[in-house]
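Keep in mind it's a predicted model, so treat the numbers as computed, not measured.
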Amino acid sequence: MSQRNVVSLPQFDKSRNVLSAADVMVVLNACRDQLITAVDLVWNERRDKIEDDLLDFADRSPLLETRNLYYAAQSLLRNRNESLSTAIRQQFVQQFDKQVRGDQQTEKPDVGVDLDLSLIDEDAFEESLALSKASTRMQSSSVEELAALDQRIAALMHQSHSKSSINPLAPKLICDAFLEACKTIDATARMRLVLLQHFDAHIAPMMPGIYRGLNQYLVDKGILPNIKIGATAPRERHQPPAPMVASATDLGGNVGAAMPSAPSAEDGTDVFALLQQLFMKQFASQSGSPVGMSQGFIGGVGGVGGVGGVGGVGGVGGGAAVGGGLPPVSLHERIASLTTLQRGQYTGLVNTGFDPALIQAGTANVLRDMRDAGLVQVDNQADSLTIDIVAMLFDYVFDDKNIPAELKALIGRLQIPVLKVALLDKQFFSKKSHPARRLLDEIAEVSVGWTQQGASNIALFDKIESIVQSVLNDFTDDAGIFERLLLDLQEFVATNEAETQTAVAETTTIIETAERAQLAQTVVKDEIAKALAVHEGLPEVIVEFVQTIWQQVLTHVYLQEHELGAAWYEALQTMQNLIWSVTPKLNNDDRLKLVAMLPSLLNQLRDGMSFLNMEIERRDAIFAGLVACHAVAVKAGLQVKSELVRDEEMVKAIEAAQLDVPETLPEIAALDEVVVNMDAEFSASADIDEEDEFTEQARCLKKGEWLSFDNANGTTRNARLSWVSGLRGMYLFTNKQGLDAMTIALPRLAARLRAGEAHVIKANSLTERAVERLIGKLQGR
């Protein structure tokens, strides 16, 4: 027996007895905090992707009920995630403390049949089942790490045996804490199941690394440093499944078929191996050959017409096939040959039937033609398949309607460099973080909304062109150049984005100003109407004063007091006091109150009118008329007849004063010079006030997302959401430079989405979309 696998009992006892009970709790609590902090970090890093998945699942779901479920889950996650993160930590700490104290309820033995099954709440049963599935999958992904952790925790807690059921850091407690946390943010039972499923799918792949970190921490503390990970659990590790749309079993209803997300290296799937398997399976099904093919497959692939609907997989014929009489070609030689073509050295291509100008143009997929012409020779299935896959990926690039043709041509010039990258590193297909993929994705992302007009658009084109030329000139076999050029492009984009935000800020300031002015007018008129409605028979001149001069005062104060502060309420109270002061004073108390109020009332009126820069003579005329109104009020209370109905001097002063009142801020109508009002262009006749998944989709749009709008003349317009008004729900869309602005209200935007006149441009990466479509085509989806 190997001595390395023998645990020394004296050493074991020593490790158990070194720490006091207090020290044990310190170590356990440190493990607890390290675990939940790592889980929280992963959850928040993946939150945007989870939200995108939920929206994608909603878009693909055929049932309204299911779509609403996913939209609701996404909205809850977006608005309450901070509360959810806090609750997860709190719930896990509670679960941990219970487990450490050992005060859980004793588990009931499994007797085969639960005679009280009919009394179990259906939602609770579904949650219990989902919790079991999630924790099992999470545990399966970390079998080796958990086996070692179970032993170390058992040793630390002086347990006689090690099991995950007594480990306070086990996956079940994490999943249980997540479910309980979802309840605290008012997630419904079905929403909890959806969120748990995505929690499991995104956290499980990270758990092996998290548990390895905990094991290392315990080793550093001297807890069983000699045991080997996996020594007690030599089972095969199972990778957790990719995120899926919840099935009917998971959600307790007829929700829809499960649809996996595109696999990637991040979720443990070798995408190239999957594509190779799918290609071989498709070839075997169409040719009748067994799946396990010889290298003759390379030459035969070309005979499979239109696999995936992209114009054929191979097209090699016999010229480049293994066994065609050509000597073997090393990878180094193949890369060197491609580098020569990449750099525009086309000597010797005259009689090949291939037009080298196509490489430089970048407007067509040239990889198959190059292989047909014998410019790319392969001597194994993997490399031939790599050419097929890269060619199909660029088929999808050229088919992407969101990338302008001019920039698509620049991307097309990268076909040979991308093929070289894929030949050198098959992980190119699996790793979304591969620098070559990230550069392609970044170019595609900044291409959305590009036009030929404008200095910044010209500068962007020149920058991308220079980056492409750098790849063509300098890339041989070191993929690090893609990382450097990616950083260069990102710095350029960041600089231009700052200028864009400046332009957007100018427009939003105008809109906010106009919106606030309109809102102020509405609020002020409403307050005045309510105040005047309290009393009947008010002097006509006072009503006119309130509805003109004091309305301007209130509007001014409202616009200055953004949070409706003390000055606003003082101005309202002044108006109410003024109105009361001119009503008949029927008793001595009212008359005394009026006498006591007048000095402060006159001062408040004077201060208010000072905002309007009113001339002193006109202000004094108004006060003189007000004195007459007060006299009438007192006489009416004393039942003394007065003939005063209208003080003409006061009326003239009010009318003259209005000429001096400065204009309030611009109304919405004045925005026509700054932005296009998309409401006026809307053509659908649907009920714009309808509340449905499209309304929720509009609410969930994020700043920076691009939408494609159908114009009345049959053209389309791509625009980026740059700002959303918190006052009126007005959405501001602009071009890449923050200009060419257009606004649309929430109900109208939802109606456009509902009518199919607006479409959200998917934000996932270009290469990811291409891989997804390629796999889907090969799977017959």
Side-chain angles (χ1 to χ4, degrees), residues 520-521 523-561 564-661 664:
Q521 291 170 4
V523 172
V524 166
K525 288 180 180 178
D526 182 61
E527 291 291 345
I528 289 175
K530 288 190 295 185
L532 293 176
V534 174
H535 303 283
E536 296 180 358
L538 292 171
E540 191 176 320
V541 70
I542 295 299
V543 173
E544 186 173 355
F545 173 82
V546 170
Q547 291 179 336
T548 56
I549 303 299
W550 204 251
Q551 177 179 324
Q552 295 287 345
V553 173
L554 288 172
T555 301
H556 176 85
V557 173
Y558 185 95
L559 292 172
Q560 295 300 316
E561 298 287 328
L564 301 183
W568 164 252
Y569 292 106
E570 288 175 5
L572 284 179
Q573 187 62 52
T574 298
M575 175 182 66
Q576 294 164 357
N577 289 343
L578 171 64
I579 293 172
W580 178 86
S581 71
V582 298
T583 59
K585 301 298 172 276
L586 303 179
N587 54 61
N588 195 48
D589 290 340
D590 286 346
R591 289 188 286 274
L592 291 176
K593 179 180 177 181
L594 175 61
V595 171
M597 175 192 295
L598 279 177
S600 61
L601 174 61
L602 295 176
N603 284 332
Q604 290 163 354
L605 291 171
R606 184 178 294 105
D607 291 341
M609 286 186 284
S610 67
F611 289 134
L612 309 182
N613 299 320
M614 187 181 299
E615 292 182 1
I616 297 177
E617 295 79 4
R618 292 169 182 166
R619 187 180 60 195
D620 291 344
I622 292 174
F623 283 140
L626 184 58
V627 169
C629 290
H630 288 150
V632 171
V634 172
K635 291 178 181 180
L638 296 173
Q639 295 183 347
V640 176
K641 185 177 180 181
S642 174
E643 299 299 329
L644 180 62
V645 177
R646 181 177 177 87
D647 189 313
E648 294 299 333
E649 292 299 320
M650 183 177 182
V651 170
K652 291 179 181 179
I654 292 173
E655 292 174 348
Q658 290 185 67
L659 299 176
D660 295 335
V661 173
T664 57

S.K.: Does any non-hydrogen side-chain atom of Leu554 lie less than 4.5 Å from one of Val523?
M.R.: no

S.K.: Between Asp590 and Leu586, what is the shortest heavy-atom contact and its length?
M.R.: OD2-N, 4.2 Å

S.K.: Is any side-chain heavy atom of Val546 closer than 4.5 Å to a side-chain heavy atom of Gln551?
M.R.: no

S.K.: Can you tell me how far the CE atom of Met609 sits from the CD1 atom of Ile616, to the nearest 0.5 Å?
M.R.: 11.5 Å

S.K.: Heavy atoms, side chains only, cut-off 4.5 Å: are Leu572 and Val557 in contact?
M.R.: no

S.K.: Could you list the residues that satisfy side-chain hydrogen bond (donor to acceptor under 3.5 Å, both in side chains) with Asn603, not counting sequence neighbours?
M.R.: Arg606

S.K.: Identify, with sequence neighbours excluded, every residue that meets side-chain hydrogen bond (donor to acceptor under 3.5 Å, both in side chains) alongside Gln604.
M.R.: Thr574

S.K.: Checking Asn577 now: which residues fulfil side-chain hydrogen bond (donor to acceptor under 3.5 Å, both in side chains) with it, not counting sequence neighbours?
M.R.: Gln573

S.K.: Roughly how far, to the nearest 0.5 Å, is the CG atom of Asp607 from the CD atom of Glu570?
M.R.: 9.5 Å

S.K.: Leu601 versus Ser581: any side-chain heavy-atom pair under 4.5 Å?
M.R.: yes

S.K.: Pair Leu594, Leu598 - check side-chain contact (heavy atoms from CB on, under 4.5 Å), show working.
M.R.: CA-CA 6 Å; Leu594 175 61; Leu598 279 177; 4.0 Å; yes

S.K.: Report the distance from atom CG of Asp620 to atom CZ of Phe623, rounding to the nearest 0.5 Å.
M.R.: 7.5 Å

S.K.: Got a sec, which pairs hit salt bridge (charged side-chain N to carboxylate O under 4.0 Å, His left out) with one end in residues 523-538, sequence neighbours left out?
M.R.: Asp526-Lys530, Glu527-Lys530

S.K.: Considering non-hydrogen atoms only, spot the tightest contact between Gly608 and Val553 and give its length.
M.R.: O-CG2, 3.4 Å

S.K.: Under the side chain to side chain contact (heavy atoms under 4.5 Å, CB included) test, which residues partner Leu592, sequence neighbours left out?
M.R.: Asn588

S.K.: What is the distance from atom CH2 of Trp580 to atom CG of Leu538, rounded to the nearest 0.5 Å?
M.R.: 13.0 Å

S.K.: Mind checking whether Trp550 and Ile528 have side chains closer than 4.5 Å, heavy atoms only?
M.R.: no

S.K.: Can you see which heavy atom on Ala531 is nearest to which on Ile579, and at what distance?
M.R.: CB-CD1, 3.8 Å

S.K.: So which atom in Leu605 and which in Phe545 form the shortest heavy-atom distance, rounded to 0.1 Å?
M.R.: CD2-CE2, 4.3 Å

S.K.: Using side-chain hydrogen bond (donor to acceptor under 3.5 Å, both in side chains) as the criterion, list what pairs up with Gln547, not counting sequence neighbours.
M.R.: none

S.K.: Supply the atom-to-atom distance Met575 CE to Ile542 CD1, rounded to the nearest 0.5 angstrom.
M.R.: 13.0 Å

